[in-house]
Amino acid sequence: MERVTVPPPMSLLAELTHRCPLQCPYCSNPLVLDPRVGELSTVEWCRVLDEAADLGVLQVHFSGGEPMARKDLPELVGHAVRRGLYTNLITSGVLMDEAALVRLAEAGLDHVQLSFQDVEVVSAERIGGMKGAQAKKIAAARLIVADGMPLTLNFVIHRLNVERIPAMFALAEELGARRVEIAHTQYYGWGLKNRATLLPTRAQLEQSERDVAAARARFGTWMAIDFVTPDYYADEPKPCMGGWGRRFLNVAPSGRVLPCHAAETIPGVVFPTVREETLAGIWNDSALFGMFRGTDWMPEPCRSCHRKEEDWGGCRCQALALTGRADAADPVCQRSPDRAVVDAALREVDDTGGNLAYRRVSGIK
Ligand code: FES
């Protein structure tokens, strides 16, 4: 297969740690979490940030786990800022206090994306698995807005909270957030494990679309609203990550470099690491990033589809999770020979409020 050359990545997702005080049952981290021992050191992360800037990356998203569990976060933010990178902190907010925010602001942090599990406290704390989390999040949001730092509230939507989307917008308005993400859960990793409990019905999805449309009409340009729908109800796949190896790099806590957060589920693959190779070498030349880049790898019906350079074949990790083959057509596509597995999942929605499997990783210090 011919090597496909692409421009530099736009964004680096720096997963500083998998440690997190929360245990959300749709967490995007892998089912097997990286332990604290083995996390990249401060010096190693600074080298990764240097290599990202040299490669042409524009934005770095500090994520986790909970990135604030890393005491060197302000140092890493400062380093990224000095290298000209736009810095975004993706956090649960439960470790945020005034002193921590001051350190981050002094380091030059550009933006915070704060996650909420729900607006209703009992439900939020059931989903996150942490008592007292909601009050800490609200306090964090107030500190961030008072500081003048741009704030996005992120709500992950599923069957157990989908009816409270209007209240989520009301909370965002009250807190002064100017951007809100209403993002339906995506079903791989932990989300897939809990799919029967989390997947909304079609009627709930359609109501969520009306709720978002009403909020857009009400807030106009005052509030930017991003809406992510669940793939399973779509007829055509999304261009996952903007296409494999086209726009994003993920660096996992132990230094593995991935085209997306779920790529580690792909069997028989050597995962490159920043401990052995440069980011530029991995981006341009690794077998992993070349694996599904472009269109040459595509099977039918993708290969002859007019949308193949719009959706880039959809999500490889979803194809793997649902068909056992990472190079299969994304089964959410109506033209996929495997679409029946998605339709079967839609019929298996669990109405009982169900048991949730929680991710756990010990030690947040
Ligand atoms: Fe890996 Fe979509 S999450 S390609």
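Here the structure is a predicted model, which means the values were calculated and not measured. Atoms considered below: every heavy atom in the structure, side chains included; atoms not considered: hydrogens, waters and symmetry mates. Order of listing sets the numbers, starting from 1, for every ligand and every atom in it.
Scanning all heavy atoms of the two residues, the minimum distance from I182 to V212 falls at CG2-CG2, 4.2 Å.
A side-chain N or O of Q318 and one of D231 form a donor-acceptor pair less than 3.5 Å apart.
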Which atom pairs, donor and acceptor, lie under 3.5 Å between side-chain atoms of residues 164-177 and protein residues at least two apart or in another chain?
residue : atom : partner : partner atom : Å
R164    : NE   : D118    : OD1          : 3.0
R164    : NE   : D118    : OD2          : 3.2
R164    : NH2  : D118    : OD2          : 2.7
R164    : NH2  : S123    : OG           : 3.4
R164    : NH2  : L160    : O            : 2.9
E173    : OE1  : R218    : NH2          : 2.8
E173    : OE2  : R218    : NH2          : 3.3
E174    : OE2  : R142    : NH2          : 2.9

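Any protein N/O/S atom under 2.8 Å from atom 2 (Fe) of ligand 1 was counted, giving 2 altogether.
At least one cation-pi condition fails for R316 and W244: the charged atom is not both under 6.0 angstrom from the six-membered ring centre and inside a 45 degree cone around its axis. For the pair R216 and W222, the NZ or CZ position fails the cation-pi test of under 6.0 Å to the six-membered ring centre and within 45 degrees of the ring normal.
Between Y188 and H261, the ring center distance clears the sub-6.0 Å criterion.
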